[in-house]
Structures are given as structure tokens and as C-alpha cells.
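The chain is numbered in sequence order, starting from 1.
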Amino acid sequence: MSLMRAMRLHALGQPLQLDVVPRPEPQAGQVLYRVLACGVCRTDLHVVDGELPSPSLPLVPGHEVVGEITAAGQGVSHLTPGMRIGVPWLGWTCGECDACLADRENLCERARFTGYTLDGGYAEYGVADARYCFPLMAEDAQAAAPLLCAGLIGYRTWRLAGGEENRCLGIYGFGAAAHILVQLAVARGQRVYAFTRPGDDAAQAFALRLGAVWAGGSDQSPPEPLDAALLFAPVGELVPLALAQVRPGGVVVSGGIHMTDIPAFPYRLLWQERSVKSVANLTRQDGEEFLALAPTVPILTETRAYPLEQANQALADLREGALTGAAVLIP
């Protein structure tokens with residue numbers, strides 16, 4: 001029996017444990033991959049902290065996985081050993097429910113998710129449904145890892161907000177998703193206004209360096225009204241603050257999977273056809289579009305590498321806002 005190391009969650013709210021476990025074997029329709037890099041996402045925090053219900057325990061978190069295929073199960077022909085792949089959050093859908101049949105697989109009522117209800121990439125090896133893996137040409141696995149969620153969810157959030165139609169774009173929460181998305185928006189000629197925690201001078205300087213035309217605290221107002229505001233910080237109080245900054249007909253889109261409660265706010269903030277949307281998961285089409293688009297911008301990620309056994313430290317640094325860019329585990 002072949003063994004591997006994995007950082008696993010055994011109880012909600014507790015640190016991950018470094019375990020030595022059997023290396024998985026690919027079943028029909030699956031591939032076995034060697035993990036080259038795995039990004040550390042805020043959704044991982046929500047899973048570990050128990051803010052998302054009913055994860056599959058014990059669990060290997062991680063859904064921004066760059067891997068190299070080492071074996072393919074029966075029926076897999078388009079992915080072969082030696083190929084580099086990206087393994088994202090969406091790991092399986094039923095293909096039969098109303099959402100799937102309407103090409104909205106991100107809303108599948110039976111969907112399964114990498115690093116949440118399926119084991120993910122905080123390990124030396126993993127298995128994944130071959131249909132939900134993206135072939136990758138990227139040579140730098142560490143740089144590519146954040147594209148698999150921070151990039152994909154950022155792209156879907158931007159697209160649901162109107163994409164290139166917006167001239168003035170506000171981004172609340174300047175972490176992994178925002179530092180990727182600002183590059184796309186600037187390349188498309190959009191003016192980006194970055195909102196950070198009040199007093200976070202380092203994050204504001206980071207945003208300006210990446211092309212934002214203004215950066216300030218979330219308690220401040222930008223120099224002009226926004227066409228759209230994208231929220232990546234899981235703070236419900238930001239929704240009315242963002243609504244107050246968008247022009248009539250504007251939209252506020254939350255890109256997170258979890259958010260604290262939204263406080264009551266006066267109707268005048270929503271009036272004049274302003275709207276609030278949420279993003280749920282992603283589709284394979286999102287991944288194909290974004291991963292083809294990223295190198296044409298080009299999008300460059302800023303990362304901090306951690307050894308696999310320091311996954312708890314990476315999660316703590318993310319929780320405390322001690323990162324600019326994204327944390328990435330390297331087995």
C-alpha cells in the first residue's frame with residue numbers, strides 16, 4: 001500500500017492534523033494527480049471554522065489545486081499521465097436536476113465540492129472526476145494555484161456585475177480574488193476603486209500598485225459614483241455601504257460563499273433600480289473562459305509559499321489579514 005501525507009480536518013474549529021494515509025486510487029472516470037501546489041482560500045477558513053454546514057470529515061481541504069496526473073481510471077481518455085491540471089471547487093454535478101439541465105450546474109442541488117464534500121489538495125496526492133479538471137499550460141504551479149478559485153470566482157463576480165459594461169468598478173476586500181480581478185478590469189479600461197479595512201495602508205498601496213485609481217477604507221467614499229461594487233470580504237455591513245456608493249441602476253455583487261448577517265438599511269439605498277446579487281460556485285464554462293483569458297492580460301499572481309505541514313499557519317495568516325496576494329501550500 002502506498003502512503004502519503006495529508007493535512008486533515010477532524011473536528012470543526014480545530015487545527016488541521018498532519019496524517020499519513022493511504023494514497024487514493026482513481027476509480028472509473030477519475031484521475032490520480034500529484035499535488036504540485038494548492039492555494040489557501042477564504043472558503044477553506046469557512047469550512048475549517050464550521051461556517052459551512054456538514055463537511056465530509058475527516059477532510060482534506062483545498063480547492064485551488066495544481067497537479068500532475070500520475071494515473072487515469074477506466075473511461076478517461078482526454079487526460080493522460082504527465083499532463084498538468086487544475087482542480088477547482090466544483091467537483092461533481094448530477095447532470096439531471098433542473099439547474100443542470102438549464103446549464104446552471106453551479107446551482108446543482110446534489111453538487112459535490114473539492115475540499116468540502118470531496119477531499120482536496122492539502123495533501124501529496126488526490127483524485128478528481130476527470131470531467132471537472134482543467135488542463136493547464138502554466139509552468140509555474142505556485143503562481144497558477146490562486147487562479148483556480150480566487151480567479152474563477154472573481155471572474156464570475158465581475159461577469160455577473162456586467163463585465164466590461166462598467167466604467168467605474170469598486171472592489172471591497174483586497175485579497176486574493178481582488179488582486180487578480182483588478183488586473184483584468186484595468187486591462188479592459190475600467191477605473192477600479194479599492195476598499196480595504198480602514199487604516200490598512202499596505203493593502204491600499206498594493207491595490208494602487210496593481211492599477212487601482214483610488215484606494216481607501218470601506219468607510220470612505222470614492223471620488224465618483226460606482227457603476228458596480230464587488231464584495232469579497234465576508235462582512236455583511238459592507239452591503240449597505242456599497243449600495244450607498246453605486247449610481248442609480250448600479251449593482252452590488254457578493255462573491256463570497258459565506259457572509260455575516262446584512263444589517264437593516266433604508267430603502268432609499270436600494271431605490272432607483274439598484275440591485276444586490278450573490279455568486280454561487282462556478283461552472284466549467286467559467287473556468288474554460290477565464291483560464292484562456294488570464295494569459296492574454298496577462299494576469300500575474302502574488303503568492304507566499306508555505307510547506308504542506310504549515311497549513312495551519314497559512315490559514316491563520318489569511319484569517320488575520322497578514323497576506324498581500326495569496327497563500328499557497330507546496331507539498
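With ring centers used as reference points, Y116 lies under 6.0 Å from W89.
No donor-acceptor contact under 3.5 angstrom links the side chains of Y33 and E68, judged on distance only. With hydrogens and angles left out, the side-chain atoms of Q204 and D200 include no donor and acceptor closer than 3.5 Å. Side-chain contact annotation: T93 with Y132, donor-acceptor N/O pair under 3.5 Å present. Side-chain contact check for T283 and E105: no donor-acceptor pair (N or O, by modelled atom type) lies under 3.5 Å.
The only member of I171, L210, L184 that meets side-chain contact (heavy atoms from CB on, under 4.5 Å) when paired with V192 is I171.
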Pairs of donor and acceptor atoms involving the side chains of residues 248-256, under 3.5 Å and at least two apart or interchain, shall be tabulated with distances.
none

Solution key, residues 217-225 side-chain donor-acceptor pairs under 3.5 Å, sequence neighbours excluded:
residue, atom, partner, partner atom, Å
Q220, OE1, G217, N, 2.6
S221, OG, Q245, NE2, 3.1
E224, OE1, R191, NH2, 3.1
E224, OE2, R191, NE, 2.8
E224, OE2, R191, NH2, 3.2
E224, OE2, Y193, OH, 2.3

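Counting only distance, with no hydrogens or angles, the side chain of D286 and the backbone of R156 share no donor-acceptor pair below 3.5 Å. Between the Q183 side chain and the L300 main chain, a donor and an acceptor come within less than 3.5 Å of each other. At distances below 3.5 Å, not a single donor-acceptor pair connects side-chain atoms of T70 with backbone N or O atoms of R34.
For residues 38-50, the pairs satisfying side-chain hydrogen bond (donor to acceptor under 3.5 Å, both in side chains) are D44-H63, D44-Y122, H46-E51, D49-R319, with sequence neighbours left out. Listed by first then second residue, pairs satisfying side-chain hydrogen bond (donor to acceptor under 3.5 Å, both in side chains) with a partner in residues 9-22 read R8-D19, H10-D19, not counting sequence neighbours.
Cluster partners of V21, by chain and number: M4, L32, Y125, V127. The rule joins Ile, Leu, Val, Met, Phe, Trp and Tyr whenever side-chain heavy atoms lie under 4.5 Å apart. Counting Ile, Leu, Val, Met, Phe, Trp and Tyr side chains that sit under 4.5 Å apart, directly or through other members, L208 stands alone, with no cluster partners.
When all heavy atoms of P55 and V47 are compared, the pair lying nearest together is CB-CG1, 4.2 Å.
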